[in-house]
2 protein chains.
Amino acid sequence: MFQKIKPKKISDEVYEQIKSIILSGKLKPGEKLPPERELALELGVSRTALREAIQRLDAQGFIYQVHGGGTFVKTITNGILDSAIEEFVKRDEAIFDLMEIRKILETWGAYTAAQRATEEEISNMEKFLNEMFIAKERGEIGHLSDANFHLAISHATHNVMLIHLMKNLFYWIEKVSYEVRSRMYTNPESHADLYQQHTDVYIAILERNPEKAYNKMLTHMEYIVCELNRIFKKNKKI
Amino acid sequence: MFQKIKPKKISDEVYEQIKSIILSGKLKPGEKLPPERELALELGVSRTALREAIQRLDAQGFIYQVHGGGTFVKTITNGILDSAIEEFVKRDEAIFDLMEIRKILETWGAYTAAQRATEEEISNMEKFLNEMFIAKERGEIGHLSDANFHLAISHATHNVMLIHLMKNLFYWIEKVSYEVRSRMYTNPESHADLYQQHTDVYIAILERNPEKAYNKMLTHMEYIVCELNRIFKKNKKI
DNA sequence: CTCTGCTTATTGGTATTACCAAATTATATA
DNA sequence: TATATAATTTGGTAATACCAATAAGCAGAG
């Protein structure tokens, strides 16, 4: 009934106004904003509050500033700059933290999928497995099918939290798959190894063998971590 | 041959330093940064330059500020969990899916904490364990200490992603603890059982026994799920 | 007329000081 | 022990000053 009142900072209001003007097209990419001192007067605020708004606009990729030159609207084709989670996952170290999380979630996921998967869900896994095979034969990377295969397994757990988690992590799962797969692009044997590992997981789920599914997924995850260690030339405790 | 020289603003350097500290896990979600005047002195910059850095960190989702209260590290994994959390809000039963995920994350967490915990982290766990004891003696519910104890274990894994995820889930962990504990409020024996389970986990970590820590946490989690089943009078596949 | 170098003006970046306002903590009182 | 009040802490904004990078204007040489 009652909404919590969140008082707005002056710099927040300035930020919203300038952002709105940019997004509406009134200020176009490359165009210059009025000089800070002038704009502050126009808005009826101090340079401090204006600059704080401008820092936020800068951080999110709307504008850029040239010392002594002026403040300009950025072209938005580059998109908004990375959020905190994107900055976080971008780092090599975070990939290993993510792999630790994935290992525990996805081994359990395989175990539980072997118990709970419907025929349709198993078919869905097979579909992505087939796509990986085709990609292998064609010399394609196949990272999208790989990530989708893992997502299909999480669906088969019927755990809505895991499904949401895996869906939201999908972009980074795909990225990891890409990193690993593009390195073994030229090595058909590794490609075949990877395909075999996914097949082993699939067969264990098909056989309704939870322990086997768990172990096969564990083997796969550890293989990925090894490859990542090789790629990043790092040693991380797992 | 020649690289374009991009001079760094002071506020950019401040931003990079604070960001790095957060991403590395040295500052954990919910933790407070030093007050601005103090931090500016420490960094040897003006409050103006510091605040400009802080606005950028805020804009990207690393930190948040409370007027009169302080500057705090934000949970970075909000985007990963928001849609899953919406499920709990909609359906009470979804809490069982959360418990499944907690079971696997926290058993691994206990295992890994037993391997990696520093003395300070173990002390921190003990602090919350003591608070639970005092709550038990005083006939208080003690759900906040309970949830903090679990969070402290996740801190000891040194997995930054898990730390943020567990902090995101803190409210729900606390809520589960409250539901379970307030039912056994009048039953001193159950209260003692719960305290004992937490103590067992703590001792296993103190003893640096990963397998034992894992098993004690598993026992604890299964106990909680049983209690929740009783409370919800529901039968859910585990 | 064009190019180069120098000077001046403009504009972003930071520092300092002061004060306001919201939250937190400490203290006094019922 | 609980509540109300006062004091302190801490973020938010304003004003002023000055530094530093860029842009624009101008003079002189070729």
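A note on names: the letters A, B, ... follow the listed sequences, proteins ahead of strands, and every chain is numbered from 1.
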Do [X] and [Y] sit within salt-bridge range, that is, some charged N less than 4.0 Å from a carboxylate O?
{"X": "B:Glu16", "Y": "B:Lys8", "value": "yes"}
{"X": "B:Arg116", "Y": "A:Glu100", "value": "yes"}
{"X": "B:Glu86", "Y": "B:Lys90", "value": "no"}

Hey, are [Y] and [X] close enough side-chain-wise for a donor-acceptor pair under 3.5 Å?
{"X": "B:Thr75", "Y": "B:Asn78", "result": "yes"}
{"X": "B:Ser83", "Y": "A:His164", "result": "yes"}
{"X": "B:Gln196", "Y": "B:Thr199", "result": "no"}

## Note on the structure
Within residues 43-53 of chain B, those residues having any heavy atom closer than 4.0 Å to DNA chain D are B:Arg47, B:Arg51

### Query
Tell me: CD of B:Gln55 to P of C:dG12, nearest whole Å?
18 Å

### Task
Choose from C:dG13, D:dT13, D:dG11 the nucleotide whose nearest atom is closest to any side-chain atom of B:Glu36.
D:dG11

### Query
Taking OP1 and OP2 of D:dT10, is either one under 4.0 Å from a side-chain nitrogen or oxygen of B:Gln65?
no

Atom pairs and distances, side-chain donor-acceptor, residues 173-180 of chain B, under 3.5 Å, sequence neighbours left out:
{"unit_1": "B:Ser177", "atom_1": "OG", "unit_2": "B:Asp146", "atom_2": "OD2", "d": "2.9"}
{"unit_1": "B:Ser177", "atom_1": "OG", "unit_2": "B:Arg181", "atom_2": "NE", "d": "3.3"}

### No-H, no-angle donor-acceptor pair, B:His67 side chain to C:dA23 base, under 3.5 Å
no

### Message
Contact list please: residues 10-18 of chain B against DNA chain C, heavy atoms, distance less than 4.0 Å, in numerical order.
### Response
B:Ile10, B:Ser11

### Centroid-centroid under 6.0 Å between B:Phe232 and B:Phe96 rings
yes

### Query
Taking protein heavy atoms under 4.0 Å as touching, what does nucleotides 3-9 of chain D look like 5' to 3' if B marks base contact, S marks sugar-phosphate-only contact and - marks none?
------B

What donor-acceptor contacts under 3.5 angstrom involve side-chain atoms of residues 31-48 of chain B, with partners at least two apart or in another chain?
{"unit_1": "B:Glu31", "atom_1": "OE1", "unit_2": "B:Lys28", "atom_2": "N", "d": "3.0"}
{"unit_1": "B:Glu36", "atom_1": "OE1", "unit_2": "B:Arg47", "atom_2": "NE", "d": "3.1"}
{"unit_1": "B:Glu36", "atom_1": "OE1", "unit_2": "B:Arg47", "atom_2": "NH2", "d": "2.8"}
{"unit_1": "B:Glu36", "atom_1": "OE1", "unit_2": "B:Arg51", "atom_2": "NH1", "d": "3.2"}
{"unit_1": "B:Glu36", "atom_1": "OE2", "unit_2": "B:Arg51", "atom_2": "NH1", "d": "2.6"}
{"unit_1": "B:Glu36", "atom_1": "OE2", "unit_2": "B:Gln65", "atom_2": "NE2", "d": "2.9"}
{"unit_1": "B:Ser46", "atom_1": "OG", "unit_2": "B:Thr48", "atom_2": "N", "d": "3.3"}
{"unit_1": "B:Ser46", "atom_1": "OG", "unit_2": "B:Ala49", "atom_2": "N", "d": "3.2"}

### Message
Taking side chain to side chain donor-acceptor pair (under 3.5 Å) as the definition, give me every residue that meets it alongside B:His220, ordered by chain and number, with sequence neighbours left out.
### Response
B:His150, B:Gln197, B:His198

